Protein chains: 2
Amino acid sequence: MADGTDRPGHGAGGGRPLRLSAYLPYRLSVASNKASSIIARAYQARFGLTIWEWRVIAVLGEGAALTAQAICEATAMDKVTVSRAIRALDERGLIARTPSATDRRASDVALTKEGRAVYQDIAPLALDYERALLDGFSADERARLSDLLERLEARADALNADGDGF
Amino acid sequence: MADGTDRPGHGAGGGRPLRLSAYLPYRLSVASNKASSIIARAYQARFGLTIWEWRVIAVLGEGAALTAQAICEATAMDKVTVSRAIRALDERGLIARTPSATDRRASDVALTKEGRAVYQDIAPLALDYERALLDGFSADERARLSDLLERLEARADALNADGDGF
DNA sequence: TGAATTTAGTTGCAAATGATACTACCTTGC
DNA sequence: GCAAGGTAGTATCATTTGCAACTAAATTCA
């Protein structure tokens with residue numbers, strides 16, 4: 001084995017060795033955290049909003065009133081997190097709940113006037129940040145990134161669904 | 001406001017509206033969480049390892065003994081998290097600490113025999129998982145994804161560094 | 001109909017996390 | 001060689017998170 005290829009850290013495994021710094025789930029996690037951290041701090045500092053409260057405001061800002069359940073789906077948050085975010089926003093008067101006409105367990109949640117005002121402040125800032133993040137990416141690269149992320153999500157979903165063999 | 005063009009959700013802002021489902025930091029976060037969740041559950045279930053303990057093992061498995069500080073840098077974890085992961089792994093006998101020769105505050109951390117055995121089990125599984133995740137991606141697409149993530153990280157770092165205007 | 005199951009949303013509790021402060025040690029500059 | 005400041009790593013405490021259990025209402029189906 002005097003040939004330098006058999007470095008410590010990987011046995012007879014054959015394929016490429018595991019290097020954390022090149023491992024996709026790790027890379028995704030790091031990129032995601034870096035991308036989120038500034039904006040999260042900004043929203044905390046400027047509006048006193050957690051990232052989950054921000055997400056709820058963002059989807060409600062798109063227009064429609066949504067049930068907590070619909071918010072879960074739209075934000076990829078779980079129902080406990082959504083419940084807590086809704087309560088916090090409600091206490092601050094940024095959203096209002098009205099009993100659902102069709103399901104007495106559920107409420108329709110919508111931004112109040114104040115909530116909409118916050119949204120109007122927040123949205124441009126968020127878009128500015130995204131622009132800054134993608135500065136230097138061509139339109140083609142942006143499209144590719146979007147496509148790759150979408151396919152990655154789809155693969156992960158597929159693995160989550162059946163592949164509990166992992 | 002009777003004209004239908006002023007849909008709720010974006011004011012006079014001009015550019016594209018904010019849609020959470022198309023917002024890059026959100027997309028990254030969702031993709032990252034999905035990609036990590038299966039593997040995290042697998043490591044928890046099969047080895048009783050948290051994702052941070054796993055990261056520490058992964059970098060130590062690359063060969064060199066590292067100080068906690070070096071592990072922080074290699075894993076993008078903060079020092080408290082690293083400290084806790086090291087303690088847990090130490091208690092389980094998967095790593096050993098030896099006082100650093102050059103700095104009496106620090107220890108060199110390395111995998112024990114048992115730790116290396118765990119690593120040998122873990123690494124192929126992690127690589128299988130990554131392969132499954134990237135199934136259907138051409139070599140070119142993988143390279144592009146890697147490049148895009150790297151540039152994204154660099155942009156985020158730059159914004160984190162100076163752009164506290166956010 | 002009406003028992004059994006499912007779903008919407010909340011609550012309580014245990015565990016994980018993060019900020020801060022702390023000890024011990026190192027480094028710098030005088 | 002020693003005071004002032006910085007760094008490695010740990011401990012402490014408050015907050016956040018996630019799971020499971022719970023209530024109330026809807027749905028299923030015998």
Side-chain angles (χ1 to χ4, degrees), chain A residues 29-30 32-34 36-38 40-41 43-45 48-56 59-60 64-92 95-110 160, chain B residues 29-30 32-34 36-38 40-41 43-45 48-56 59-60 64-92 95-110 160:
Chain A
S29 170
V30 171
S32 170
N33 288 340
K34 284 184 179 176
S36 296
S37 66
I38 316 168
R41 269 188 287 115
Y43 287 143
Q44 180 60 57
L49 294 173
T50 68
I51 196 151
W52 291 282
E53 291 160 9
W54 178 79
R55 281 190 189 176
V56 170
V59 294
L60 292 178
L66 298 172
T67 63
Q69 169 59 26
I71 293 173
C72 289
E73 283 157 20
T75 60
M77 292 158 61
D78 87 37
K79 64 182 190 165
V80 175
T81 311
V82 167
S83 175
R84 292 198 257 240
I86 286 175
R87 178 162 41 135
L89 293 172
D90 194 8
E91 283 166 0
R92 289 182 54 183
I95 60 161
R97 291 187 257 201
T98 58
S100 161
T102 58
D103 187 335
R104 274 188 295 174
R105 293 168 304 181
S107 297
D108 290 316
V109 179
N160 257 313
Chain B
S29 171
V30 171
S32 171
N33 288 340
K34 284 184 179 175
S36 295
S37 66
I38 318 167
R41 269 189 287 115
Y43 287 141
Q44 180 60 57
L49 294 173
T50 67
I51 195 151
W52 292 282
E53 289 160 11
W54 178 78
R55 281 190 189 175
V56 170
V59 294
L60 292 177
L66 300 173
T67 63
Q69 169 56 26
I71 292 174
C72 289
E73 282 158 20
T75 61
M77 292 157 59
D78 88 37
K79 64 182 190 164
V80 175
T81 310
V82 167
S83 175
R84 293 199 256 241
I86 286 174
R87 176 160 45 131
L89 293 171
D90 194 10
E91 283 167 1
R92 289 182 54 184
I95 60 160
R97 290 187 258 201
T98 56
S100 161
T102 57
D103 187 335
R104 273 188 295 172
R105 294 168 303 180
S107 297
D108 290 315
V109 179
N160 257 313

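Side chains are part of it too, since the values below use all heavy atoms of this structure and drop only hydrogens, waters and symmetry mates. None of these values were measured; they are calculated from a predicted model. Proteins come first, then strands; the chains are lettered A, B, ... in the order of their sequence lines, and each starts at number 1.
On the nucleic acid side, DNA chain D has its first and last nucleotide under 4.0 Å of a heavy atom of chain A at D:dT17 to D:dA26, going 5' to 3'.
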Donor-acceptor pairs are to be reported for all side-chain atoms of residues 71-78 of chain B against protein atoms at under 3.5 Å, with residues two or more places apart or in another chain.
{"residue": "B:Glu73", "atom": "OE2", "partner": "B:Gln69", "partner atom": "NE2", "Å": "2.5"}
{"residue": "B:Thr75", "atom": "OG1", "partner": "B:Ile71", "partner atom": "O", "Å": "2.7"}
{"residue": "B:Thr75", "atom": "OG1", "partner": "B:Met77", "partner atom": "N", "Å": "3.4"}
{"residue": "B:Asp78", "atom": "OD1", "partner": "B:Val80", "partner atom": "N", "Å": "2.7"}
{"residue": "B:Asp78", "atom": "OD1", "partner": "B:Thr81", "partner atom": "N", "Å": "3.1"}

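Closest approach of B:Ser107 and B:Arg97 over heavy atoms only: CB-CB, 4.0 Å. Considering every non-hydrogen atom in both A:Ser29 and B:Ser32, the closest pair reads CA-OG, 3.2 Å. Here the closest non-hydrogen pair linking A:Gly48 and A:Glu53 is O-OE1, 3.7 Å.
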Would you tabulate the pairs of protein nitrogen or oxygen atoms and nucleotide nitrogen or oxygen atoms of nucleotides 8-11 of chain C closer than 3.5 angstrom?
{"residue": "C:dG9", "atom": "OP1", "partner": "A:Ala68", "partner atom": "N", "Å": "3.4"}
{"residue": "C:dG9", "atom": "OP1", "partner": "A:Ser107", "partner atom": "N", "Å": "3.3"}
{"residue": "C:dG9", "atom": "OP2", "partner": "A:Ala68", "partner atom": "N", "Å": "3.4"}
{"residue": "C:dG9", "atom": "OP2", "partner": "A:Gln69", "partner atom": "N", "Å": "2.5"}
{"residue": "C:dG9", "atom": "N7", "partner": "A:Lys79", "partner atom": "NZ", "Å": "2.7"}
{"residue": "C:dG9", "atom": "O6", "partner": "A:Lys79", "partner atom": "NZ", "Å": "3.0"}
{"residue": "C:dT10", "atom": "OP1", "partner": "A:Arg97", "partner atom": "NH1", "Å": "2.5"}
{"residue": "C:dT10", "atom": "OP2", "partner": "A:Ser83", "partner atom": "OG", "Å": "2.6"}
{"residue": "C:dT10", "atom": "O5'", "partner": "A:Ser83", "partner atom": "OG", "Å": "3.4"}

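For the side chain to side chain contact (heavy atoms under 4.5 Å, CB included) criterion with A:Val109, the lone passing option out of A:Val59, A:Leu66, A:Ile86 is A:Ile86.
Every residue meeting the side-chain contact (heavy atoms from CB on, under 4.5 Å) condition with B:Ala65, not counting sequence neighbours, appears here in chain and number order: B:Asp108, B:Ala110. Listed by chain and residue number, B:Ile51 satisfy the side-chain contact (heavy atoms from CB on, under 4.5 Å) test with B:Ala40 (two or more places apart in sequence, or in another chain).
At whole-Å resolution of the value, CG in B:Asp78 and P in C:dT20 are 12 Å apart. A straight line from CD1 of A:Ile51 to P of C:dG18 spans 13 Å, rounded to a whole angstrom.
When the C1' atoms of four end pairs are superposed on the next four at each end of the helix from C:dT1-D:dA30 to C:dC30-D:dG1, using five pairs per end, the two resulting axes differ in direction by 30°, to 10°.
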